[in-house]
Number of protein chains: 2
Amino acid sequence: MRLTNWTDYSLRVLMYCAASEQREQPATIGEIAEAHGISRSHLTKIVMTLSGLGLLETTRGRGGGLRLLKPAHTIVLGEVVRQTESDFTLVECFDAEHNTCRLDGHCRLKGALREAMDRYLEVLDGVTLADLVAPAASTRGGQRVHFVPGLPRPLDVAVRRSRVSAGGESR
Amino acid sequence: MRLTNWTDYSLRVLMYCAASEQREQPATIGEIAEAHGISRSHLTKIVMTLSGLGLLETTRGRGGGLRLLKPAHTIVLGEVVRQTESDFTLVECFDAEHNTCRLDGHCRLKGALREAMDRYLEVLDGVTLADLVAPAASTRGGQRVHFVPGLPRPLDVAVRRSRVSAGGESR
DNA sequence: TTAAAGGTTCATTTGAAATGAATATATTAA
DNA sequence: TTAATATATTCATTTCAAATGAACCTTTAA
């Protein structure tokens with residue numbers, strides 16, 4: 001009864017991208033891989049899947065990277081999990097193909113588990129990517145200042161400010 | 001996102017025992033193993049666990065077997081699953097020991113998943129073993145007559161009847 | 001004393017998930 | 001046109017929990 005790391009990482013990628021939305025540069029696979037200590041190669045496949053699902057936009061080449069295709073508050077957790085998680089065969093009898101349970105059709109387990117699973121996903125349907133990334137601390141005070149290791153640094157502002165104060169170098 | 005076969009089989013054992021309650025002879029491991037095409041050896045371990053959980057009573061020796069320790073309608077599915085299922089580590093960050101997620105404590109995924117899991121089990125807490133075994137067909141008509149492959153045959157009545165009509169052989 | 005039952009231990013297999021390595025393709029900037 | 005940076009693809013390999021199997025021990029009723 002656990003989600004795959006695949007799903008776990010998928011969510012982290014999305015969160016990273018969500019937190020990168022304000023930045024000028026898009027997030028890159030290498031960046032995220034490093035932030036979470038995962039292999040670039042592996043993470044690439046996850047990103048490709050998310051891209052295939054229409055959640056991410058990827059752009060190749062220098063200056064490329066990843067961007068969310070929809071605003072974070074419209075990306076629903078339940079939907080993501082439904083799509084990244086491969087196996088919802090809660091017990092054997094869910095898999096019509098390989099089912100050998102002799103009670104199939106006689107017992108009410110399947111119905112109960114299906115109902116339970118529905119409730120599970122229902123909860124996740126009430127959560128969006130934006131909710132996940134929102135700072136856990138107090139809402140008042142506005143701007144988030146603190147640094148979160150697994151997310152892009154909120155330095156753009158500072159950098160931009162320092163650029164200005166440094167006398168406007170071109171880029 | 002699936003339960004282990006271990007849990008699946010655990011439930012089948014319990015169901016078998018529940019359906020055997022009326023019989024004079026207790027259910028046996030060999031019987032259940034054969035009914036479901038599982039190895040005796042493997043099923044024994046499952047039975048021992050259920051026994052350890054106080055759900056089953058086992059008696060050794062000839063004439064021995066398995067019996068539920070509590071009436072079927074008091075055995076709650078959620079409780080069983082909570083105890084037979086080994087791993088509720090929905091994602092990495094649930095496992096304090098091995099967690100490496102750098103967002104730990106910053107993102108709200110854990111809370112959402114915990115909530116979802118609670119709802120899941122909540123549904124199963126509303127189902128008892130008796131519910132699972134109850135015939136799916138109409139409630140009226142009383143006595144179940146049909147034969148269910150994975151459960152003990154409801155022959156006792158018929159057998160007893162035939163015994164009577166055969167003139168009361170001793171046993 | 002034998003047959004039928006549960007009980008224990010150890011080794012092995014299996015399969016999905018996870019990972020890694022190598023390489024191809026696209027894009028931008030100098 | 002070349003170098004650098006980024007995504008994209010393919011194939012092989014590793015890992016680990018779960019599942020299984022085999023052999024043998026213990027208990028009990030007939």
Side-chain angles (χ1 to χ4, degrees), chain A residues 1-10 12-13 17 20 24-34 36-52 56-67 84-92 95 97-98 100 170-171, chain B residues 1-10 12-13 16-17 20 24-34 36-52 55-67 84-92 95 97-98 100 170-171:
Chain A
M1 199 67 190
R2 59 177 301 178
L3 298 168
T4 56
N5 277 349
W6 181 280
T7 293
D8 193 359
Y9 290 150
S10 294
R12 296 196 207 176
V13 166
C17 292
S20 305
E24 292 164 3
Q25 301 287 325
T28 70
I29 292 179
E31 201 180 338
I32 305 178
E34 194 181 6
H36 285 283
I38 319 169
S39 95
R40 204 163 319 212
S41 157
H42 189 47
L43 197 57
T44 301
K45 292 161 207 159
I46 290 167
V47 165
M48 294 323 295
T49 304
L50 293 174
S51 156
L56 286 182
E57 171 195 55
T58 65
T59 51
R60 289 178 163 200
R62 181 179 275 204
L66 320 173
R67 232 186 267 276
T84 57
E85 195 65 13
S86 47
D87 185 5
F88 281 102
T89 308
L90 289 170
V91 291
E92 187 188 357
D95 180 6
E97 196 82 22
H98 303 103
T100 66
S170 75
R171 47 165 274 127
Chain B
M1 199 65 190
R2 60 177 300 176
L3 299 168
T4 55
N5 278 349
W6 181 279
T7 294
D8 193 356
Y9 290 149
S10 295
R12 297 196 207 175
V13 167
Y16 197 101
C17 292
S20 305
E24 293 165 2
Q25 300 287 326
T28 70
I29 293 178
E31 203 181 336
I32 305 179
E34 194 181 5
H36 284 284
I38 318 169
S39 96
R40 206 163 317 213
S41 156
H42 190 46
L43 196 57
T44 300
K45 292 162 207 157
I46 289 167
V47 165
M48 294 323 296
T49 304
L50 292 174
S51 156
L55 291 171
L56 285 183
E57 171 195 54
T58 65
T59 51
R60 288 180 163 198
R62 182 177 275 206
L66 319 172
R67 234 187 265 276
T84 57
E85 194 67 10
S86 49
D87 184 6
F88 282 102
T89 309
L90 289 170
V91 292
E92 188 188 357
D95 180 6
E97 196 83 20
H98 303 103
T100 66
S170 72
R171 49 165 273 120

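Letters A, B, ... are given to chains in the order of the sequence lines, protein chains preceding strands, and every chain is numbered from 1.
Protein atom CG of A:Asp8 is 11 Å distant from nucleotide atom P of C:dT19, rounded to whole Å. At whole-Å resolution of the value, CZ in B:Arg67 and C1' in C:dG6 are 15 Å apart. Distance, B:Phe88 CZ to D:dA18 P: 12 Å, rounded to whole Å. Taking atom CZ of residue B:Arg2 and atom P of nucleotide C:dG15, one finds them 13 Å apart after rounding to whole Å. When the P atom of C:dT14 is taken as reference, atom NE2 of A:His98 falls 16 Å away, rounded to whole Å. Note: CD (A:Gln25) to P (D:dT5) measures 13 Å, nearest angstrom. Distance A:Glu34 CD to D:dT5 P: 14 Å, rounded to the nearest Å. We find that CD of B:Glu85 is positioned 12 Å from C1' of D:dA17, with the value rounded to whole Å.
B:Gly65 comes within 4.0 angstrom of sugar-phosphate atoms only, judged by non-hydrogen atoms across all strands, and of no base. Residue-level contact check: B:Ser51 touches neither bases nor backbone, having no heavy atom under 4.0 Å from any strand.
Between B:Ser10 and B:Ile46, the shortest heavy-atom contact is OG-CG2, 3.5 Å. Here the closest heavy-atom approach between residue B:Glu92 and residue B:Thr89 is recorded as O-CG2, 4.5 Å. What you find for A:Pro26 and A:Gly64 is that their closest heavy atoms are CG-O, 3.4 Å. What you find for A:Leu43 and A:Ala33 is that their closest heavy atoms are CD2-N, 3.5 Å. Looking at every heavy atom in both residues, B:Arg2 comes nearest to B:Glu85 through O-OE2, 3.9 Å.
Considering only side-chain N and O atoms, A:Asn5 lies nowhere under 4.0 angstrom from the phosphate OP1 or OP2 of C:dA17. B:Ser86 has a side-chain polar atom (N or O) that falls below the 4.0 Å cut-off from OP1 or OP2 of D:dA18. The side chain of B:Thr59 places no N or O atom within less than 4.0 Å of a non-bridging phosphate oxygen (OP1 or OP2) of D:dT28. Look at A:Thr58 and you'll find a side-chain N or O under 4.0 angstrom from OP1 or OP2 of D:dA8.
Remark on DNA chain C: of its neighbouring residues A:Gly61 and A:Leu3, the 5'-side contact belongs to A:Leu3, judged by nearest-heavy-atom nucleotide.
Using a 4.5 Å heavy-atom cutoff, the side chains of A:Leu66 and A:Ile29 are in contact. Proximity of A:Thr7 to B:Val91: side-chain heavy atoms (C-beta onward) are nowhere separated by under 4.5 Å.
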Measure all distances between protein nitrogen or oxygen atoms and nitrogen or oxygen atoms of nucleotides 20-25 of chain C, and list the pairs falling under 3.5 Å.
unit_1	atom_1	unit_2	atom_2	d
C:dG20	N7	A:Ser41	OG	3.4
C:dG20	O6	A:Lys45	NZ	2.5
C:dA21	N6	A:Ser41	OG	3.0
C:dT25	O2	A:Arg60	NH1	3.2

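Closest to the side chain of B:Thr44, from the set C:dT8, C:dA29, D:dA29, is C:dT8. The side chain of B:Arg62 sits closest to C:dA4 out of D:dT5, C:dA4, C:dA17.
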